[in-house]
Amino acid sequence: MAVQAASTHGGRRRRCVQLCCCVQPPATCQRCCRQSFRNSTSIRVGVALFSKSASAPDPYFSWAIATTEGAWAEGEVVVYDIALGAKSRRWEPRARRGVYLREEEAFCGVLEFATTDIPGEDLDEFIRDHPSDDDGWRVCGPAGWATAMWTLKIMCSLEDAAIWEIPMEYGVDGLFDVIIGKAFE
């Protein structure tokens with residue numbers, strides 16, 4: 001695996017954030033969605049939320065990990081998620097590149113939780129190396145395995161790799177509630 005533990009030195013930044021970036025349509029955001037980095041090698045990492053039907057396995061939203069080198073509302077975004085295969089009925093990984101969130105009809109918002117200077121190819125490999133199948137990993141949140149639990153697992157793995165720090169006031173078991181709470185603010 002190309003992603004190594006990052007620190008505040010050695011050319012890689014890590015940031016502990018308060019999970020307060022916007023979870024609202026980019027057209028209404030006046031802060032983070034329209035802000036770009038001056039250093040184009042920095043990558044933003046967030047949880048993208050998409051509306052879904054009431055019969056879907058996750059409550060409220062379909063979750064995904066999203067990354068971008070630009071502004072959320074105006075740049076190309078890579079969206080990583082899992083989806084149930086139509087025939088196999090097994091969770092399958094997906095990575096969609098060049099997504100413009102403002103053009104996604106189901107897009108509800110993005111909650112940025114980290115920035116990193118890790119090369120995009122290494123971050124991509126790190127995320128895509130996570131299996132989509134249920135391996136029994138759980139934290140407090142939704143029951144069972146679906147997009148929210150997979151996304152939370154990626155977030156915890158990114159913390160293990162020292163790409164970000166989960167705020168102590170939330171902890172691992174509070175992430176789901178914090179993200180859902182921010183979505184309904």
Response to the item:
Taken in chain and number order and not counting sequence neighbours, the residues that satisfy side chain to side chain donor-acceptor pair (under 3.5 Å) with Asp173 are none

Practice prompt. Please name the residue in the list Leu175, Ile166, Ile65 that meets the side chain to side chain contact (heavy atoms under 4.5 Å, CB included) test with Phe113.
Written response: Ile65

Could you list the residues that satisfy side chain to side chain contact (heavy atoms under 4.5 Å, CB included) with [X], not counting sequence neighbours?
X      : answer
Asp177 : none
Arg90  : Ser88, Asp133
Val79  : Phe50, Ala64, Val77, Arg96, Val99, Leu101

Practice prompt. Determine yes or no for a side-chain-to-main-chain donor-acceptor pair under 3.5 angstrom, with Thr68 supplying the side chain and Glu76 the backbone.
Written response: yes

Worksheet item: Would a distance-only check, ignoring hydrogens and angles, find a side-chain to backbone donor-acceptor pair under 3.5 Å from Ser132 to Trp91?
Response: yes

Worksheet item: Asp81: what forms a salt bridge (charged side-chain N to carboxylate O under 4.0 Å, His left out) with it, not counting sequence neighbours?
Response: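 Per chain and number, Asp81 pairs via salt bridge (charged side-chain N to carboxylate O under 4.0 Å, His left out) with Arg94.
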
Practice prompt. Test Leu152 against Trp63 for side-chain contact (heavy atoms from CB on, under 4.5 Å), laying out the working first.
Written response: CA-CA 9 Å; Leu152 291 166; Trp63 293 40; 4.0 Å; yes

Discussion item. Same cluster or not: Ile43 versus Tyr100, using hydrophobic residues (I, L, V, M, F, W, Y) connected whenever any side-chain heavy atoms lie under 4.5 Å apart?
Written reply: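 No, separate clusters.
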
Worksheet item: Can you pull the salt bridge (Lys or Arg N to Asp or Glu O under 4.0 Å) pairs that have at least one residue in residues 134-143, sequence neighbours excluded?
Response: Asp134-Arg138, Asp135-Lys153

Discussion item. A quick test of your reading: do over 12 heavy atoms of other residues, nucleotides or ligands sit less than 6.0 Å from CZ of Arg128?
Written reply: no

Worksheet item: Centroid-to-centroid, Trp72 to Phe107, below 6.0 Å?
Response: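 Between Trp72 and Phe107, the centre distance exceeds or equals 6.0 Å.
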
Fill in: Test log, rule side-chain contact (heavy atoms from CB on, under 4.5 Å), inputs Arg89 and Leu84
CA-CA 5 Å; Arg89 301 303 297 159; Leu84 278 174; 3.6 Å; yes

Discussion item. Using side-chain contact (heavy atoms from CB on, under 4.5 Å), reason through Ser42 and Glu69 one step at a time and then give a plain yes or no.
Written reply: CA-CA 6 Å; Ser42 294; Glu69 291 183 14; over 6 Å; no

Practice prompt. Could you go through the side-chain contact (heavy atoms from CB on, under 4.5 Å) check for Ile127 and Thr67 one step at a time?
Written response: CA-CA 10 Å; Ile127 294 169; Thr67 64; 4.3 Å; yes

